[in-house]
Amino acid sequence: RLPSSATLRALSQPAMALLTDLLNLDLTDSTEKIIAEYIWIGGSGMDLRSKARTLPGPVTDPSKLPKWNYDGSSTGQAPGEDSEVILYPQAIFKDPFRKGNNILVMCDCYTPAGVPIPTNKRYNAAKIFSNPDVAKEEPWYGIEQEYTLLQKDINWPLGWPVGGFPGPQGPYYCSIGADKSFGRDIVDSHYKACLFAGVNISGINGEVMPGQWEFQVGPTVGISAGDQVWVARYLLERITEIAGVVVTFDPKPIPGDWNGAGAHTNYSTESMRKDGGFKVIVDAVEKLKLKHKEHIAAYGEGNERRLTGKHETADINTFSWGVANRGASVRVGRETEQNGKGYFEDRRPASNMDPYVVTSMIAETTILWKP
């Protein structure tokens with residue numbers, strides 16, 4: 001006679017408990033060795049990849065970490081007959097999954113000859129941020145990363161009726177309640193994981209479209225903004241994997257009368273933060289206006305579906321700016337205007353933008369470019 005389902009459940013519970021115990025094993029008392037999870041960006045520019053290796057002891061300086069390689073032909077980054085791509089460790093974060101002295105390592109990618117591969121956007125960004133004129137201005141960034149949680153297998157937002165729609169937008173932004181807020185356990189887990197890892201996450205909130213959320217990273221300086229946003233995305237992908245939910249960074253996951261998803265980028269320089277900085281901000285915004293097309297081209301795939309002039313966006317073809325205007329390409333805060341100094345917000349980047357590209361491009365246009 002076959003065992004009942006209740007018996008099978010009872011038999012499996014000790015096994016699951018043991019698995020959880022093993023997952024939570026603290027290695028620090030039993031070995032000096034640590035696990036380093038190397039993270040990199042794959043061939044699509046949005047697909048994060050990672051793999052782990054054992055190191056003889058704790059490491060806090062990325063330059064002390066060994067370079068590593070991977071099969072680039074399996075990530076769309078190298079041909080099969082010459083498939084080796086080399087990982088250069090660039091930034092270290094604490095690992096909230098393995099805990100202890102284990103680490104996450106943000107890497108960028110090079111050929112065996114040391115040439116950055118075409119999808120390595122960090123290399124050029126680091127060059128811009130290490131330019132003395134840029135470094136002197138100490139550019140600060142605060143990035144508002146919006147994303148949408150989807151039900152696995154059906155690609156439909158979390159909390160939405162399958163094949164149907166919830167009530168219209170209005171009650172969901174910063175909402176509470178089981179009929180309005182979907183996925184808070186994932187969002188809070190991510191918030192704490194980021195703080196544990198050393199990502200300077202500054203807040204979270206529920207967004208206008210149900211099933212959509214936002215986290216903010218910053219203030220961060222220079223190249224660190226890109227490193228931290230990518231690691232925050234990695235942590236979110238890992239947590240949604242555990243929860244059996246899919247995260248999408250598509251800028252307009254649901255067509256029609258629903259808000260899209262952006263990555264508003266708040267920015268200031270030393271000159272903007274000092275007395276008289278408002279004039280520096282206006283000059284910088286005028287430069288962004290002159291390079292509007294180039295920035296839009298680099299601000300994320302599918303952004304034209306989001307930047308329609310509706311749903312708190314400016315039209316993709318027209319540059320505009322204003323004080324406290326959320327329907328403008330660039331918004332200057334009321335407080336910045338009153339203080340005569342501060343920061344501004346570039347509202348054009350899509351949720352799937354590359355933070356290395358966007359942050360360095362804003363610095364290059366506003367600090368280095370002389371029209």
Side-chain angles (χ1 to χ4, degrees), residues 1-40 42 47-59 70 74 92-106 147-163 176-199 201 204 206 210-213 215 230-249:
R1 182 164 155 247
L2 290 169
S4 70
S5 56
T7 308
L8 287 171
R9 271 201 305 275
L11 288 168
S12 70
Q13 278 164 1
M16 290 311 292
L18 178 59
L19 198 58
T20 304
D21 288 346
L22 288 168
L23 273 172
N24 294 330
L25 263 185
D26 184 356
L27 301 176
T28 43
D29 293 335
S30 53
T31 178
E32 273 283 292
K33 291 177 179 178
I34 66 152
I35 303 168
E37 189 80 30
Y38 279 45
I39 303 164
W40 71 95
D47 56 323
L48 282 160
R49 311 279 180 141
S50 77
K51 60 176 183 167
R53 68 182 298 165
T54 307
L55 298 175
V59 186
Y70 67 92
S74 296
I92 290 175
F93 297 83
K94 286 164 70 183
D95 186 338
F97 305 108
R98 296 187 176 112
K99 304 188 194 70
N101 291 322
N102 303 303
I103 55 174
L104 304 174
V105 184
M106 191 66 212
Y147 60 92
T148 309
L149 297 173
L150 303 176
Q151 300 168 55
K152 195 164 168 279
D153 301 327
I154 59 168
N155 277 348
W156 200 237
L158 202 62
W160 288 35
V162 175
I176 54 168
D179 57 339
K180 296 180 287 292
S181 178
F182 312 115
R184 190 184 299 278
D185 51 350
I186 291 168
V187 173
D188 259 12
S189 301
H190 177 250
Y191 197 167
K192 289 183 173 178
C194 283
L195 287 170
F196 181 94
V199 171
I201 186 169
I204 54 143
Q212 195 176 79
W213 292 82
F215 65 86
W230 275 116
V231 169
R233 285 174 173 177
Y234 173 83
L235 293 171
L236 184 59
E237 292 259 21
R238 286 284 307 274
I239 289 162
T240 50
E241 174 194 319
I242 294 163
V245 169
V246 173
V247 60
T248 178
F249 296 102

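Distance CZ/Arg98 to CG/Leu23: 9.5 Å, rounded to 0.5 Å. Taken to the nearest 0.5 Å, the CG atom of Leu236 stands 4.5 Å off from the NE2 atom of His190. One finds the OH atom of Tyr70 at 8.5 Å from the CZ atom of Arg49 (value rounded to the nearest 0.5 Å). Between the CG atom of Leu235 and the CG atom of Leu104 there is a distance of 6.0 Å, given to the nearest 0.5 Å. For the atom pair CE of Met106 and CZ of Phe93, the computed distance is 8.5 Å after rounding to the nearest 0.5 Å. In this structure, CD1 on Ile34 lies 7.0 Å from CG on Asn101, to the nearest 0.5 angstrom.
The shortest side-chain heavy-atom distance between Leu27 and Ile35 falls under the 4.5 Å cut-off. When side chains are defined from C-beta on, Leu150 does not count as touching Thr240, because their heavy atoms never get closer than 4.5 Å. Annotation: side chain of Trp213 is in contact with side chain of Leu149 (closest heavy-atom distance under 4.5 Å). Inter-residue side-chain proximity for Arg184 and Ile176 is flagged as met; some heavy-atom pair is nearer than 4.5 Å. A 4.5 Å side-chain heavy-atom check between Glu237 and Tyr147 finds every atom pair outside the cut-off.
For the pair Cys194 and Ile201, the tightest heavy-atom approach, listed with the atom from each and the gap, is CB-CG2, 3.6 Å. Taking each heavy atom of Trp160 and Gln151 in turn, the nearest pair found is O-NE2, 3.0 Å. Looking at every heavy atom in both residues, Ser50 comes nearest to Trp40 through CA-CZ3, 3.8 Å. What you find for Phe215 and Ala232 is that their closest heavy atoms are CE1-CB, 3.5 Å. For Ile204 against Val187, the heavy-atom pair with the smallest separation is CD1-CG1, 3.4 Å. The shortest heavy-atom contact between Ala197 and Pro96 is CB-CD, 4.4 Å.
In this structure, Arg238 forms a cation-pi arrangement with Phe97, its terminal cationic atom sitting closer than 6.0 Å to the ring centre and no more than 45° off the ring axis.
Counting heavy atoms of neighbouring residues, nucleotides and ligands inside a 6.0 Å radius, atom NZ of Lys152 does not exceed 12 of them. In this structure, Leu18 places its CG atom where more than 12 heavy-atom neighbours from other residues, nucleotides or ligands lie under 6.0 Å away.
For the side chain to side chain contact (heavy atoms under 4.5 Å, CB included) with Thr28, the lone residue among Leu25, Thr31, Asp26 that qualifies is Asp26.
Distance alone, capped at 3.5 Å, is enough to place a donor-acceptor pair between the Asn102 side chain and the Lys99 backbone.
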